[in-house]
Structures are given as C-alpha cells and as structure tokens.
Amino acid sequence: MTNDFRKPLIVAIGALGLPLASILLTLSVWYWIVRHPQNSFHDQGEMIIVFACLPIAFGGWLFFAFLTSSLHRRISRDKLIADSIQHRATIWISTLLTLVGLIMSVLTLTVR
C-alpha cells in the first residue's frame with residue numbers, strides 16, 4: 001500500500017518518455033544518414049535508407065507507440081489516475097509526441 005502514491009508518477013513518466021525515446025531513435029537514424037559525405041547514398045546506396053533506416057525508425061516508432069497506448073489504457077482503467085487533470089494532459093501531450101514521432105519516422109525517406 002505504500003507504493004500507491006508512486007503509480008501515477010511512473011505511468012506519467014512512461015507515457016511521456018516512450019514517445020520521446022521514439023523521437024530520439026529517429027533523430028539518431030537521421031544523424032547516421034546526415035553524417036555521411038554528400039555522395040554516399042548514390043545509385044544503390046539509397047537502398048540502405050529505404051530498406052534499413054526507414055524500417056528501424058518506423059519499427060521503433062511502432063514499438064514505442066504500442067507501449068504508450070498500453071499505458072493510456074492503464075490510465076483510463078484506473079479511475080483515480082484518469083480523473084486527474086494532470087494525467088489527462090499527459091495523455092494529450094504523449095499522443096502529440098507519438099504523432100510527431102510518426103511524422104519524423106516517415107520523413108526519414110526524405111533525409112538524404
């Protein structure tokens with residue numbers, strides 16, 4: 001019973017941290033692509049971006065979005081947590097961050 005006060009904080013940190021981890025993964029993929037010289041991805045070199053970098057970024061987003069949605073379901077099931085304004089704001093912010101992560105992972109195709 002003593003750990004009940006920490007549960008909303010841990011869920012909120014997870015709901016915000018997972019989309020941020022997705023964005024960080026996508027940024028690291030972008031960094032890997034951008035740090036190569038100008039003509040590194042000519043001809044078949046772009047296949048590395050299409051068949052490796054995009055699936056890594058999109059798969060990372062999918063994984064983190066799945067975990068975030070499970071935390072959203074956990075928040076909505078627990079009435080004590082779901083009724084607080086802070087946690088409703090956390091859900092909206094984490095949803096927005098998840099959408100930003102999706103847009104960034106799809107934009108990985110255009111980074112060259």
Phe63 reachable from Leu18 in the ILVMFWY side-chain graph, under 4.5 Å edges: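 Both belong to a single hydrophobic cluster.
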
Hydrophobic cluster membership, Tyr31 vs Leu24, 4.5 Å side-chain cutoff: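 In one cluster: no.
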
Roughly how far, to the nearest 0.5 Å, is the CZ atom of Phe51 from the CD1 atom of Ile56?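 Atom-to-atom, Ile56:CD1 and Phe51:CZ are 13.5 Å apart.
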
Do you know the tightest heavy-atom contact between Thr68 and Ala15?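 Looks like CG2-O, 4.0 Å.
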
Exercise: identify the closest heavy-atom pair between Gly60 and Leu25: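 It is CA-CD2, 3.5 Å.
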
Just to verify, what does Leu27 make a side chain to side chain contact (heavy atoms under 4.5 Å, CB included) with, not counting sequence neighbours?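 Listed in chain order: Ile23, Trp30, Met104.
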
Could you give the side-chain donor-acceptor pairs of residues 95-102 under 3.5 Å, partners two or more places apart or in another chain?
from: Thr95; atom 1: OG1; to: Ile91; atom 2: O; distance (Å): 2.7
from: Thr98; atom 1: OG1; to: Ser94; atom 2: O; distance (Å): 2.7

Apply ring-ring contact (aromatic ring centres under 6.0 Å, His included) to Phe64 and list each qualifying residue two or more places apart in sequence or on a separate chain.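 Applying ring-ring contact (aromatic ring centres under 6.0 Å, His included) to Phe64 gives none.
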
Hey, does the side chain of Thr26 reach the backbone of Ser22 with a donor-acceptor pair shorter than 3.5 angstrom?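 Present.
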
